[in-house]
There are 2 protein chains.
Amino acid sequence: MQNLSKNQQIIFDLIDKSPEPMKAYSILHNVQKKGIKAPLQVYRALDKLVEIGKIHKIESRNAFIACHNSSCQVSKATAFSICEICEKVTEISSASLSKYLTNFKDKDGMKYSKYNLEFFGLCKKCR
Amino acid sequence: MQNLSKNQQIIFDLIDKSPEPMKAYSILHNVQKKGIKAPLQVYRALDKLVEIGKIHKIESRNAFIACHNSSCQVSKATAFSICEICEKVTEISSASLSKYLTNFKDKDGMKYSKYNLEFFGLCKKCR
DNA sequence: ATTAAATTGTTATAATATAACACTATGTAA
DNA sequence: TTACATAGTGTTATATTATAACAATTTAAT
Ligand SMILES: [Zn+2]
Ligand SMILES: [Zn+2]
Ligand SMILES: [Zn+2]
Ligand SMILES: [Zn+2]
């Protein structure tokens, strides 16, 4: 696994330190002092970081979180829990869940190369 | 289940007839001849239709499809297969899958009120 | 040194979605 | 039937999310 480029490292560090998912333009505001001035610079770094599994996109929120599954071997098999009140997002790492979904075949016998699952509910604090 | 309003009905009929997911502004273009002129009119109808389970949003595509699970009792438990080449989207209705996910509990024993699952791969035609 | 691939910088623009306000229709209850 | 609440509509403006197009630079192998 090669090193990250300058922009990729700056943006990954920011997301990695964030306790919550970050949105692209929030990232932009936070890295402008480091010389990253344009949305495209952010989106390019995000695209790459997603591709190599260092971060994941929370599709329902248009936001990004760092992967904490030991630098995700499973960026093609992602599952998250999302609190609908405080918006806390946690990556789920359940062997049985990923096994079930990775092996899932639909009625036509189609097997999939990738999945993304988002669970919604209330977190401990919000219950 | 109450009837749909005028705009809701127009927009639902359009999505329901479409063989593929429709995007909001594509919907807008298609209903302008029927007097729906502004994005907000479309988004409001979409919001309501999603809420009552007549349509679903495909989050990874920002697009909408009609529910064909006999007017989805399961709008809070959705699963789709998405072809990464032709972008065909099919709603998966698998009793075992929905049972597994509805009963899924994470490490903290948290149970969820809702989920959305998107599988990616190649459809029959595209393999 | 040469070259290909990846990354960066920049300006402009496209695509997706919501805020705010005024008005109209519909259903329910005094 | 009047009063009231709720849902839906129409409209303008604006916010948010994301990509196109082009030129330059860096990186890592030959
Ligand atoms: Zn991960
Ligand atoms: Zn919470
Ligand atoms: Zn459905
Ligand atoms: Zn296909």
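Reckoned from all heavy atoms, side chains included, excluding hydrogens, waters and symmetry mates. Values in this document were obtained by computation on a predicted structure and should not be read as measured data. Note on naming: letters A, B, ... go to the chains in the order of the sequence lines (proteins, then strands), and numbering restarts at 1 for each one.
Taking the side chain of A38(A) as heavy atoms from C-beta on, and the options dT17(D), dA18(D), dT10(C), the nearest nucleotide is dT10(C). Of the candidates dT8(C), dT18(C), dA18(D), dT8(C) carries the atom nearest the R44(A) side chain, counting heavy atoms from C-beta on. Comparing dA18(D), dT10(C), dG8(D) by their closest approach to the side chain of A24(A) singles out dA18(D). Nearest nucleotide to the K6(B) side chain, out of dT11(D), dT7(C), dG10(D): dG10(D). Closest contact between the side chain of L40(B) and the listed nucleotides dT11(D), dG9(C), dT7(C) involves dT11(D). The side chain of N7(B) lies closest to dG10(D) when the candidates are dT19(D), dG10(D), dT16(C).
For the pair K23(A) NZ and dA18(D) P, the computed distance is 8 Å after rounding to whole Å. A straight line from CD of Q32(B) to P of dG10(D) spans 13 Å, rounded to a whole angstrom. Put simply, CD on E59(B) is 13 Å from P on dT16(C), counting in whole angstrom units. The CD1-P distance, from I10(B) to dG8(D), rounds to 14 Å in whole Å. The separation between L4(B) atom CG and dT26(C) atom P is 14 Å, rounded to whole Å. When the C1' atom of dA5(C) is taken as reference, atom CD of Q8(A) falls 13 Å away, rounded to whole Å. In this structure, L46(B) places its CG atom 15 Å from C1' of dG8(D), rounding to the nearest Å. Distance I58(B) CD1 to dT16(C) C1': 16 Å, rounded to the nearest Å.
Within the structure, every side-chain polar atom (N or O) of S5(A) is placed at least 4.0 Å from both OP1 and OP2 of dT27(D). For Q41(B) and dT9(D), the shortest distance from a side-chain N or O to OP1 or OP2 is not below 4.0 Å. One finds a side-chain N or O of Y43(B) lying less than 4.0 angstrom from the OP1 or OP2 phosphate oxygen of dA17(C). Contact annotation: K48(B) reaches the phosphate of dG8(D) (side-chain N/O to OP1 or OP2, under 4.0 Å). Dashed line: the shortest gap from a side-chain N or O of K57(B) to OP1 or OP2 of dA17(C) is under 4.0 Å.
Judged by distance alone, with hydrogens and angles left aside, the side-chain atoms of Q41(A) form a donor-acceptor pair with the main-chain N or O of A38(A) at under 3.5 Å.
Under the side chain to side chain contact (heavy atoms under 4.5 Å, CB included) criterion, K125(B) pairs with C123(B), sequence neighbours left out.
Aromatic rings from F119(B) and F104(A) are positioned such that their centres are separated by under 6.0 Å.
Note: D13(A) CG to K34(A) NZ = 7.0 Å, rounded to the nearest 0.5 Å.
Judged by ring centres under 5.5 Å apart and planes tilted less than 30 degrees, Y25(A) fails to stack against the six-membered base ring of dT16(D).
Side chains of F12(A) and K54(A) form a contact here, defined as non-hydrogen atoms less than 4.5 Å apart.
Projected onto DNA chain D by closest heavy-atom contact, P39(B) and N62(B) fall at different nucleotides, the more 5' of which corresponds to P39(B).
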| task | Could you walk me through whether F80(A) and E91(A) pass side-chain contact (heavy atoms from CB on, under 4.5 Å), step by step? | result | CA-CA 4 Å; F80(A) 306 95; E91(A) 185 168 2; 3.8 Å; yes
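Taking 4.0 Å as the cut-off between side-chain N and carboxylate O, E20(A) and K88(A) do not count as a salt-bridged pair.
No hydrogens or angles considered: a donor-acceptor pair under 3.5 Å links the side chains of E118(A) and N116(A).
Between its opening and closing five pairs, the helix from dA1(C)-dT30(D) to dA30(C)-dT1(D) changes axis direction by 40°, a value rounded to 10 degrees.
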